[in-house]
Amino acid sequence: MLQVAQIRAHKEAYIEALKKRNYDAAPVFENVLQLDETRRSTQTTLDATLAESNKLSKEIGLLFKSGETEKANQAKEKTAGLKETTKNLQEKLNTTVTALTKLLYEIPNIPHNTVVAGTSEEDNEEVFRAIDFPNLEENALPHWELAKKYDLIDFDLGNKITGAGFPVYKGKGARLQRALIAYFLDKNTQAGYTEYQVPLMVNEASGYGTGQLPDKEGQMYHVTEDDLYLIPTSEVPLTNFFRDVMLNENELPQKLTAYTPNFRREAGSYGAHVRGLNRLHQFDKVEIVNVTLPEKSYEVQEEMLSHIKNILKELHLPYRILRLCGGDLTFTSALTYDFEIYSAAQERWLEVSSVSNFETYQANRLKLRYKTNDGNKALAHTLNGSSLALPRIMAGILENYQTPEGIKVPEVLKPYTGFSIID
RNA sequence: GGAGAAAUGGCAGAGUGGUCGAAUGCACCGGUCUUGAAAACCGGCGAGGGUCACACCUCCGGGGGUUCGAAUCCCUCUUUCUCCGCCA
């Protein structure tokens with residue numbers, strides 16, 4: 001969330017920037033600043049009342065000690081009024097803080113300078129395109145038909161045992177997916193990321209820490225019995241490692257990677273575009289997370305982009321990079337680049353990665369800070385990106401590598417699959 | 001799942017109702033001494049709010065309560081340890 005002090009200092013600039021998200025911040029900011037004013041003045045009055053109580057209590061203690069019981073009991077009577085005042089002020093402070101926090105949670109991050117205004121994905125800017133298009137036969141098949149033809153993925157079986165959006169991978173299909181996961185993790189660790197295996201469920205505090213709650217409440221599966229949430233991405237556990245953490249400047253950057261399944265309810269999204277592997281309730285993803293110095297975060301984001309570009313290049317998949325417009329930007333992000341690969345058989349672009357810089361937005365919620373070398377404290381910047389999302393890469397490989405003889409395995413994956421063609 | 005014990009500053013570890021934000025040791029920072037380092041000695045050393053700076057307020061796992069006053073008493077939750085049960 002945004003810092004109140006920053007809102008106060010940059011009010012007009014922030015209002016202007018948030019317009020790119022089609023978000024009218026002016027009335028909300030007024031509310032925030034007023035609540036903050038109330039919060040501070042209430043706190044000051046409360047502090048003074050408490051100071052008075054503390055003083056009296058000490059005096060009473062001393063009186064009892066010196067045997068002046070009479071006087072002590074008289075002094076006791078004076079505290080009744082103070083108690084009442086304290087209680088009222090405390091209640092006022094609590095409701096003010098609750099209201100203020102709730103408001104702050106509802107304000108999205110400030111878009112970066114380079115982000116353009118826009119209302120939908122139509123307004124995203126293409127900033128890079130690598131044309132590596134395959135020469136497909138006339139009768140090229142979409143991946144769901146290829147999956148059936150070569151017995152790689154069983155959607156019906158998933159429907160039976162769980163429901164729509166929970167596919168079962170089989171034989172070479174399962175093996176290809178495992179190969180991709182291992183390959184991605186190897187690429188990430190070679191680039192300096194530390195590999196983790198993390199819990200697939202998180203508590204409520206973690207959901208708030210990275211911003212899934214309260215904004216995307218309905219997108220996560222909630223295990224009510226134990227009040228835990230299935231992770232929608234490993235960003236949630238990984239970034240929450242740093243909740244309430246104070247790092248030293250020389251411990252930055254922190255680079256983490258993890259493979260996990262991800263669970264998303266995707267309520268309300270049905271139809272042709274969610275066919276096959278295009279949109280699932282459970283899917284695999286390898287994620288990279290960076291915690292950096294504020295002055296380094298955009299440089300780090302560029303590094304992340306070239307890292308992912310390199311992977312897609314090795315896989316020879318045609319892809320492009322989009323800089324998301326204000327309207328398409330995630331709630332918590334200041335700047336996001338999406339990677340999309342081209343699915344020749346479906347003739348459409350599929351998002352396979354999203355690389356975001358959250359600046360201090362998550363760090364402020366997380367209380368993720370670092371001590372500078374000269375002893376000051378500051379919020380760190382957090383970033384994350386997919387490297388990469390499995391199903392759509394699977395779809396892209398199946399579709400773009402299909403030949404009359406079968407589906408060829410990309411060269412870099414052969415050491416991982418142990419076979420070179422699916423036929 | 002059942003029974004019991006515990007949770008205090010970076011770590012270790014005192015503190016069972018009153019001047020305790022908290023002894024002591026280690027670690028850390030500054031100084032004296034030294035050619036330099038070590039040792040020794042002296043001083044400093046948690047976090048958040050607030051202030052120009054002080055003052056002041058809050059925090060002893062989380063939440064609630066008793067009391068004029070709570071690290072200390074009560075309730076509750078979480079976590080850890082020991083024993084029993086179950087188990088990949």
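The figures that follow rest on heavy atoms only: side chains count, while hydrogens, waters and symmetry mates do not. Every chain is numbered from 1, with letters handed out A, B, ... down the list of sequences.
A gap of 15 Å separates the P atoms of B:U66 and B:C74, to the nearest Å. Nucleotides B:C60 and B:A12, compared at atom C1', are 16 Å apart to the nearest Å. When the C1' atom is used for both B:C77 and B:A6, the distance is 16 Å, rounded to whole Å. Rounded to the nearest Å, the gap between the C1' atom of B:G50 and that of B:A55 is 10 Å. Remark: the separation of the P atoms in B:C57 and B:A71 is 14 Å, to the nearest Å. Nucleotides B:C56 and B:G21, compared at atom P, are 12 Å apart to the nearest Å. Separating the C1' atom of B:A70 from that of B:C45 is a span of 27 Å, rounded to the nearest Å. For the P atom pair drawn from B:A14 and B:G61, the interatomic distance equals 15 Å after rounding to whole Å.
Across all strands shown, A:S57 has heavy atoms under 4.0 Å from base atoms, whether or not it also approaches the sugar-phosphate. Among the atoms of the strands shown, none is found under 4.0 Å from any heavy atom of A:L56. In this structure, A:L82 reaches neither bases nor backbone, as no heavy-atom distance under 4.0 Å exists between it and the strands shown. Residue-level contact check: A:K367 touches neither bases nor backbone, having no heavy atom under 4.0 Å from any strand.
Across the strands present, B:A5 finds its partner in B:U80; the criterion is a Watson-Crick or G-U wobble pair with both atom distances under 3.5 angstrom. Remark: B:A47 base-pairs with B:U58. Criterion, Watson-Crick or G-U wobble with two distances under 3.5 Å. For B:C86, there is no paired base (Watson-Crick or G-U wobble, both distances below 3.5 Å). Under the Watson-Crick or G-U wobble criterion, with both distances below 3.5 Å, B:C41 is paired with B:G31. Under the Watson-Crick or G-U wobble criterion, with both distances below 3.5 Å, B:G21 is left unpaired in every strand shown. Across all strands shown, B:U16 remains unpaired; no Watson-Crick or G-U wobble contact has both distances below 3.5 Å. In a base pair of the Watson-Crick type (N1 to N3 plus N6-O4 or O6-N4) or a G-U wobble (N1-O2 and O6-N3), with each distance short of 3.5 Å, B:A71 is matched with no nucleotide.
Atom CZ of A:F64 is separated from atom P of B:U19 by 15 Å (rounded to the nearest Å). Separating the NZ atom of A:K55 from the C1' atom of B:C57 is a distance of 15 Å, rounded to the nearest angstrom. One interatomic measurement links the two molecules: CG of A:L62 to P of B:G17, which rounds to 18 Å at whole-angstrom precision. Summarising the geometry, the separation between CD on A:E68 and P on B:G18 is reported as 19 Å, rounded to the nearest angstrom. One atom, NZ of A:K71, and another, P of B:G18, lie 22 Å apart when rounded to the nearest Å. Per the geometry, CD belonging to A:Q90 stands 13 Å off C1' belonging to B:G64, to the nearest Å. Between A:L63 atom CG and B:G69 atom P there is a gap of 15 Å when expressed in whole angstrom units. What separates CG of A:L50 from C1' of B:C56 is a distance of 10 Å, to the nearest Å.
Defined by atom type and a distance below 3.5 Å, a donor-acceptor pair is missing between the side-chain atoms of A:H381 and A:N290. No side-chain N or O of A:R275 forms a donor-acceptor pair with one of A:N278 less than 3.5 Å apart. Side-chain atoms of A:N203 and A:S206 include a donor-acceptor pair closer than 3.5 Å. A side-chain donor-acceptor contact under 3.5 Å links A:H281 and A:Y221. A:N109 and A:E359 share no side-chain donor-acceptor pair at under 3.5 Å. A side-chain N or O of A:E235 and one of A:Q362 form a donor-acceptor pair less than 3.5 Å apart.
Closest-nucleotide positions on RNA chain B for A:D47 and A:T44 were compared, and the one nearer the 5' end corresponds to A:T44. Taking the nucleotide of RNA chain B with the nearest heavy atom to each of A:K83 and A:G61, the more 5' of the two is matched to A:G61.
When the nucleotides B:G49, B:G18, B:A47 are ranked by their closest atom to the side chain of A:Q43, B:G49 comes out on top. Each of B:U67, B:C57, B:G18 was ranked by its minimum atom distance to the side chain of A:A51; first place goes to B:C57. Closest to the side chain of A:R40, out of B:U19, B:C57, B:G50, is B:G50.
Regarding contacts with the backbone of B:A47, a side-chain N or O of A:K377 is found under 4.0 angstrom from either OP1 or OP2. Between A:R39 and B:G49 there is no side-chain polar atom (N or O) within less than 4.0 angstrom of OP1 or OP2.
In terms of the side-chain hydrogen bond (donor to acceptor under 3.5 Å, both in side chains) criterion, residue partners of A:S66 (sequence neighbours excluded) are, by chain and number, A:E68.
Contact annotation: side chain of A:N54 to base of B:G69, donor-acceptor pair absent below 3.5 Å.
A cation-pi arrangement is absent between A:K172 and A:Y150, since the terminal nitrogen or guanidinium carbon is not both under 6.0 Å from the aromatic centre and inside a 45° cone about the axis.
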